[in-house]
Q: 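So that we are looking at the same thing, I have put the structure below in structure tokens.
Note that the coordinates shown come from a computational prediction; the quantities given were computed from them, not determined experimentally.
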Amino acid sequence: MASLSRDARLVLAAQAARAFAYGFGAVLLGTTLHRRHLSGTEVGIVLAAIVAGGALMSIVLARSGDRIGRRRCYTALYFLLALTGVTFALTDRVWVLVLVALAGAFSTDVVDSGPFTSLEQAMLATEVSGRDRIRVFSIYNAVAGAGGALGALAAGLPSLVRSVWADAPGDSTWFLIVVPVAAVGLLLGRSLSASVEVAPSSHTDSTGLARSRPIVIRLAGLFALDSFGGGFVVQAFVAYWLVTRFGASTETVAFVFFGVAMSQTISFLAAWKVAQRIGLLSTMVWTHLASNALLILIAVAPSLELAVAALVGRTLLSQMDVPARQAYVMTLVDPSERTAAAAYTSTARYLSRPVGPALAGAASSVALGLPFVIAGVSKAIYDVVLWRWFSRVPLPDDQLS
């Protein structure tokens with residue numbers, strides 16, 4: 001097995017730093033907006049701007065990223081991330097927060113799927129091929145999960161400091177931690193070699209796609225369906241369900257989510273071993289389909305212990321889909337289409353996911369466990385259709401078909 005290239009290690013290091021910042025910021029953002037006394041409408045506008053900014057910037061990169069240069073775009077995003085950290089630390093003016101959020105460099109999620117990842121997936125796919133591609137994407141996602149978890153844990157630092165220093169800075173000031181993290185990412189991005197770039201193809205159109213346009217459209221639609229189903233069972237709802245259904249304590253829920261986070265990292269790392277045996281598409285479909293069966297079973301679990309066992313088992317299986325999916329998309333499209341393909345498929349997932357939580361509330365009023373069933377069925381439909389559409393589509397340069 002080939003060792004990671006210098007560029008791949010630089011991308012992984014930048015991803016680790018950024019994941020820490022996102023994990024830290026995702027927790028801090030909610031408390032900061034609350035303590036600044038923003039109304040519910042204003043908070044919703046800011047959060048919507050962050051989501052919209054990620055989607056808009058991803059589309060910009062899809063259309064122009066390779067022409068401008070991946071390294072230039074990558075370092076520019078880290079500059080925007082630093083600007084975002086400064087802005088969220090120093091101002092409470094909603095219009096300023098919204099304007100900076102629309103730059104697309106921040107994320108409401110611990111592990112993001114925005115413009116940074118579109119570039120990183122394309123650059124990593126350029127660096128490796130064949131069996132090494134799924135290995136690198138497995139490590140890439142595990143690094144993101146671990147970095148985000150550490151960042152979320154570090155978000156408790158402001159409260160800890162205030163407990164021993166009465167005049168410690170408020171939560172918002174701690175957003176300045178994002179600045180040195182972004183500086184690290186910027187320096188790492190500037191250190192990347194020219195081999196991560198790709199010459200723009202004369203065959204691609206204004207969308208950044210050519211031969212693979214029908215494939216990307218299909219995949220984006222399917223990934224949107226999968227993400228829509230996942231939106232029904234976000235962690236906030238799972239926590240609510242555990243407390244309401246079984247009377248679980250806050251400490252128990254925290255322990256469960258720690259176990260889920262560890263299972264997620266294990267699943268990421270296991271993906272490349274599984275894909276070596278059964279192939280990328282099979283890893284995406286069959287591990288995911290089995291996880292959806294467990295997801296449905298959670299709804300009817302008779303005890304907290306069995307519900308948690310099903311939840312952890314589901315996570316161990318479901319997250320293998322993530323690196324396999326990224327490697328599959330990067331392998332299926334032409335090199336000149338990778339940035340665009342990553343951007344469009346990630347954006348489709350990003351935009352469809354927020355719909356689920358809103359509908360989950362309505363579904364749970366009918367039956368408390370109904371969101372788990374809807375999520376499992378929706379995601380199972382995705383698996384079946386994905387297999388039906390792509391099981392006979394050859395992978396151009398991969399050994400894991």
Q: Do the side chain of Thr117 and the main chain of Gly114 share a donor and acceptor less than 3.5 angstrom apart?
A: yes
Q: Measure from the side-chain N and O atoms of Arg388 to the backbone N and O of Asp383, and report whether any donor-acceptor pair falls under 3.5 Å.
A: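 The answer is no, because no donor-acceptor pair under 3.5 Å joins these two groups.
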Q: At their closest point, which heavy atom of Ile68 faces which heavy atom of Arg72, and how far apart are they?
A: O-CD, 3.3 Å
Q: When you measure from the side chain of Thr75 to the backbone N and O of Arg71, does any donor-acceptor pair fall under 3.5 Å?
A: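 Answer holds: yes.
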Q: Using 30° and 60° as the class limits, which term best fits the ring planes of Phe88 and Phe175: parallel, tilted or perpendicular?
A: tilted
Q: Looking only at non-hydrogen atoms, find the nearest pair between Phe237 and Leu368 and report the distance.
A: CZ-O, 3.7 Å
Q: Would the distance check show the side chain of Asp226 and the main-chain N or O of Tyr382 forming a donor-acceptor pair, the cut-off being under 3.5 Å?
A: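 Between the backbone of Tyr382 and the side chain of Asp226 there is no qualifying donor-acceptor contact (under 3.5 Å).
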Q: Do you know which of Leu304, Leu242, Val308 makes side chain to side chain contact (heavy atoms under 4.5 Å, CB included) with Thr252?
A: Leu304
Q: Rounded to the nearest 0.5 Å, what separates atom OG1 in Thr287 from atom CD1 in Ile278?
A: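 The OG1 atom of Thr287 sits 6.5 Å away from the CD1 atom of Ile278.
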Q: Sub-3.5 Å donor-acceptor pair from the side chain of Ser227 to the main-chain atoms of Ala224, do we have one?
A: no
Q: Just by modelled atom types, is the Met320 backbone N or O under 3.5 Å from a matching donor or acceptor in the Ser267 side chain?
A: yes
Q: How are the rings of Phe228 and Phe232 set to each other: parallel, tilted or perpendicular (split at 30° and 60°)?
A: perpendicular
Q: Under 3.5 Å, is there a donor on one side chain and an acceptor on the other for Thr331 and Arg133?
A: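 Their side chains do contain a donor-acceptor pair, which is all the 3.5 Å distance test asks for.
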Q: From Leu77 CG over to Leu119 CG, what is the distance, rounded to the nearest 0.5 angstrom?
A: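 Those atoms lie 6.0 Å apart.
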Q: What's the shortest heavy-atom distance between Ala182 and Tyr78, and which atoms?
A: CB-O, 3.4 Å
Q: Quick one: CZ on Arg325 to OG1 on Thr283, what's the gap to the nearest 0.5 Å?
A: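 It is 13.0 Å, given to the nearest 0.5 Å.
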Q: Quick test of your reading of the model: are Arg70 and Asp66 salt-bridged, counting only N-O distances below 4.0 Å?
A: yes
Q: Any side-chain donor paired with an acceptor under 3.5 Å for Gln264 and Thr315?
A: no
Q: What pair of heavy atoms forms the shortest contact from Gly376 to Ile296, and how long is it?
A: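 So the two residues come closest at CA-CG1, 3.8 Å.
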Q: Taking NZ, NE, NH1 and NH2 as the nitrogens, is one of them in Glu120 or Arg18 under 4.0 Å from a carboxylate oxygen of the other?
A: yes
Q: Give the minimum heavy-atom separation between Leu176 and Val86, together with the two atoms involved.
A: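 That closest heavy-atom pairing would be CD2-CA, 4.1 Å.
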Q: Heavy atoms only: give me the nearest Ala275-Ile134 pair and the separation to one decimal.
A: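 Closest heavy-atom pair between Ala275 and Ile134: CB-CG1, 3.8 Å.
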Q: For Thr207, is there any backbone N or O sitting under 3.5 Å from a side-chain donor or acceptor partner on Tyr344?
A: yes
Q: Check the surroundings of atom CZ in Phe79: do more than 12 heavy atoms from other residues, nucleotides or ligands lie under 6.0 Å from it?
A: no
Q: Okay, side chain of Asn292, backbone of His288: is any donor-acceptor separation there less than 3.5 Å?
A: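 Side chain of Asn292 to backbone of His288: a pair is present.
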Q: Please check: side-chain N/O of Glu337 versus main-chain N/O of Asp334, any donor-acceptor pairing under 3.5 Å?
A: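 Yes, because the side chain of Glu337 sits within donor-acceptor range (under 3.5 Å) of the backbone of Asp334.
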Q: Should Leu316 and Val312 count as side-chain neighbours, where that means a heavy-atom distance under 4.5 Å?
A: yes
Q: Under a 3.5 Å distance rule, please check whether Ser212 uses its side chain to pair with a backbone N or O of Ile215 as donor and acceptor.
A: no
Q: Hey, could you give me the CG/CG distance between Leu332 and Leu219, rounded to the nearest 0.5 Å?
A: 6.5 Å
Q: Taking the six-membered ring for Trp, is the centroid-to-centroid distance between Phe268 and Phe137 below 6.0 Å?
A: no
Q: With no hydrogens and no angle check, just 3.5 Å: does a side-chain donor-acceptor pair link Ser346 and Arg349?
A: no
Q: Do other residues, nucleotides or ligands put more than 12 heavy atoms under 6.0 Å from the CZ atom of Arg211?
A: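 Enclosed.
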Q: Within the structure provided, determine whether Val322 and Gln319 are in side-chain contact (heavy-atom separation under 4.5 Å).
A: yes
